[in-house]
Participant: 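I have a structure here, written as structure tokens, and I will follow up with some questions on it.
So you know, we letter chains A, B, ... as the sequences are listed, proteins then strands, and number each from 1. Bear in mind the structure is a predicted one, so any value in this text is a computation, not a measurement.
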There are 2 protein chains.
Amino acid sequence: MTKADIVNEIAKNTGISKDDVLKTVEAFMETVKVSLTKEENVYLRGFGSFIVKKRAKKTARNISKNTTIIIPEHNIPAFKPSKEFVAKLK
Amino acid sequence: MTKADIVNEIAKNTGISKDDVLKTVEAFMETVKVSLTKEENVYLRGFGSFIVKKRAKKTARNISKNTTIIIPEHNIPAFKPSKEFVAKLK
DNA sequence: AAAGAAAAAGACATAAAATGTCTACCCACA
DNA sequence: TGTGGGTAGACATTTTATGTCTTTTTCTTT
């Protein structure tokens with residue numbers, strides 16, 4: 001599914017205008033991004049949590065060149081699905 | 001942030017009613033869940049992809065009982081953040 | 001609907017990170 | 001108020017994440 005598919009589906013199921021749905025979906029994504037940038041996790045009951053994970057300094061590989069590089073410590077965005085969501089896919 | 005926090009933030013930033021925003025956010029989550037249940041991934045450019053990952057059969061431990069359990073092969077929901085999202089947190 | 005731009009997916013070897021299980025407890029949301 | 005979400009523990013195995021390149025897909029504009 002693409003964003004357009006999602007927007008159409010939501011508009012169909014809720015009766016809300018596609019324009020408002022699109023704006024809301026885009027605002028949702030932007031809000032999650034900004035929140036995690038501020039290291040504030042987002043908990044969505046029954047769906048999952050968008051959380052910040054810390055990654056230690058790491059020795060990685062540039063596999064194209066077969067060289068070693070050091071990746072400094074950094075944060076990554078992660079999603080932890082809720083039990084309900086996981087159970088739905090099992 | 002909780003769902004209510006997100007809804008308030010979106011309503012504030014877009015001017016859309018909290019009721020409509022709440023309905024849209026809930027419908028968004030439900031649509032993503034149903035899509036992944038159907039093994040149809042959701043691609044949201046600039047945010048990330050909700051994808052189905054296959055987990056192989058695995059031997060795990062029940063540490064309370066110190067016994068071994070076989071977890072059968074199954075699907076899990078996963079999120080792959082976009083490069084833009086990852087870069088924002090680095 | 002078509003075109004074009006750009007994001008995203010996927011492949012490679014290997015060190016680091018995550019995974020799964022159960023139980024008990026606490027917090028918070030609807 | 002009921003229930004979902006988060007946390008901790010052990011440990012052996014599985015999965016991820018790095019850069020670059022090519023191809024595919026998304027998404028905006030016309």
Participant: Taking for each residue the nucleotide of DNA chain C bearing the nearest heavy atom, is the 5' side occupied by T2(B) or by K54(A)?
Facilitator: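 On the 5' side of the pair lies K54(A).
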
Participant: Rounded off to whole Å, could you give me the NZ-to-P distance for the K53(B) and dA18(C) pair?
Facilitator: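 These atoms are roughly 12 Å apart.
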
Participant: Is any side-chain nitrogen or oxygen of K80(B) closer than 4.0 Å to OP1 or OP2 of dA8(C)?
Facilitator: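 No, because none of the side-chain N or O atoms of K80(B) sits under 4.0 Å from OP1 or OP2 of dA8(C).
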
Participant: Between atom CG in L44(B) and atom P in dT25(D), what is the gap in whole Å?
Facilitator: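 Going from L44(B) (CG) to dT25(D) (P), I get 16 Å.
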
Participant: Just the rounded figure in Å: distance from C1' of dT15(D) to CG of N75(B).
Facilitator: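 In whole Å, dT15(D) C1' lies 15 Å from N75(B) CG.
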
Participant: Rounding to an integer number of Å, can you tell me how far K83(B) NZ sits from dT20(D) P?
Facilitator: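 Answer to the nearest Å: 10 Å.
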
Participant: Starting from C1' on dA30(C), measure out to CD1 on I6(B) and report it in whole angstrom.
Facilitator: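 Taking CD1 of I6(B) and C1' of dA30(C), I get 17 Å after rounding.
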
Participant: Does the plane of the ring in F85(B) sit parallel, tilted or perpendicular to the ring in F47(B)? Use 30° and 60° as the thresholds.
Facilitator: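 Plane angle under 30°, so parallel.
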
Participant: Quick one: does V25(A)'s side chain get under 4.5 Å of L22(A)'s, heavy atoms only?
Facilitator: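 A side-chain contact is absent here, since even the closest heavy-atom pair is not under 4.5 Å.
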
Participant: Nearest whole angstrom, please: distance from the P of dG19(D) to the CD1 of I70(A).
Facilitator: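 My rounded result for the distance is 12 Å.
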
Participant: Is it the case that atom NZ in K80(A) sees more than 12 heavy atoms from other parts of the structure closer than 6.0 Å?
Facilitator: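 For K80(A), atom NZ is not crowded (no more than 12 foreign heavy atoms under 6.0 Å).
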
Participant: Rounded to whole Å, please give me the gap between OH in Y43(B) and P in dC27(D).
Facilitator: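 Checked: the OH to P distance equals 11 Å.
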
Participant: What is the nucleic acid contact for A4(B), judged by heavy atoms within less than 4.0 Å: base, sugar-phosphate only, or nothing?
Facilitator: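 A4(B): no heavy atom of the nucleic acid under 4.0 Å.
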
Participant: Please work out if I71(B) contacts a base, only the sugar-phosphate, or nothing of the nucleic acid, heavy-atom cut-off 4.0 Å.
Facilitator: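 Since only primed, P, OP1 and OP2 atoms lie under 4.0 Å of I71(B), the category is sugar-phosphate.
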
Participant: Can you measure H74(B) atom NE2 to dG20(C) atom P for me and round it to whole angstrom units?
Facilitator: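 For the pair H74(B) NE2 and dG20(C) P, the rounded distance is 5 Å.
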
Participant: Go through the N and O atoms of the side chain of K58(B) and the base of dT19(C), and report whether any donor-acceptor pair is under 3.5 Å.
Facilitator: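 Flag set: donor-acceptor pair detected.
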
Participant: Where each residue is assigned the nucleotide of DNA chain C containing its nearest heavy atom, which of K3(B) and I51(B) is assigned the position nearer the 5′ end?
Facilitator: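 Residue closer to the 5' terminus by nearest nucleotide: I51(B).
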
Participant: Both G46(A) and A56(B) contact DNA chain D. Which one's nearest nucleotide lies toward the 5' end?
Facilitator: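 Result of the comparison: G46(A).
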
Participant: Map M1(A) and I63(A) onto DNA chain D by nearest heavy atom, then report which one ends up closer to the 5' terminus.
Facilitator: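 Whichever sits nearer the 5' end wins; that is I63(A).
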
Participant: Hey, quick one: are M1(A) and I51(B) part of the same hydrophobic cluster, counting side-chain heavy atoms closer than 4.5 Å, chains of contacts allowed?
Facilitator: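 No, separate clusters.
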
Participant: dG20(C) phosphate, OP1 or OP2: any side-chain N/O from R55(B) under 4.0 angstrom?
Facilitator: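 Indeed, a polar side-chain atom of R55(B) lies that close.
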
Participant: Are M29(B) and V21(B) connected, step by step, through hydrophobic side chains (Ile, Leu, Val, Met, Phe, Trp, Tyr) whose heavy atoms are closer than 4.5 Å?
Facilitator: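 Yes; V21(B) is reachable from M29(B) via cluster members.
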
Participant: Name the nucleic acid region contacted by S82(A), choosing base, sugar-phosphate or nothing; use a 4.0 angstrom heavy-atom cut-off, strictly under.
Facilitator: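 Sugar-phosphate only.
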
Participant: Has S49(B) got a side-chain N or O lying under 4.0 Å from the OP1 or OP2 atom of dA9(C)?
Facilitator: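 So the side-chain polar atoms of S49(B) do come within 4.0 Å of the phosphate oxygens OP1 or OP2 of dA9(C), strictly under.
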
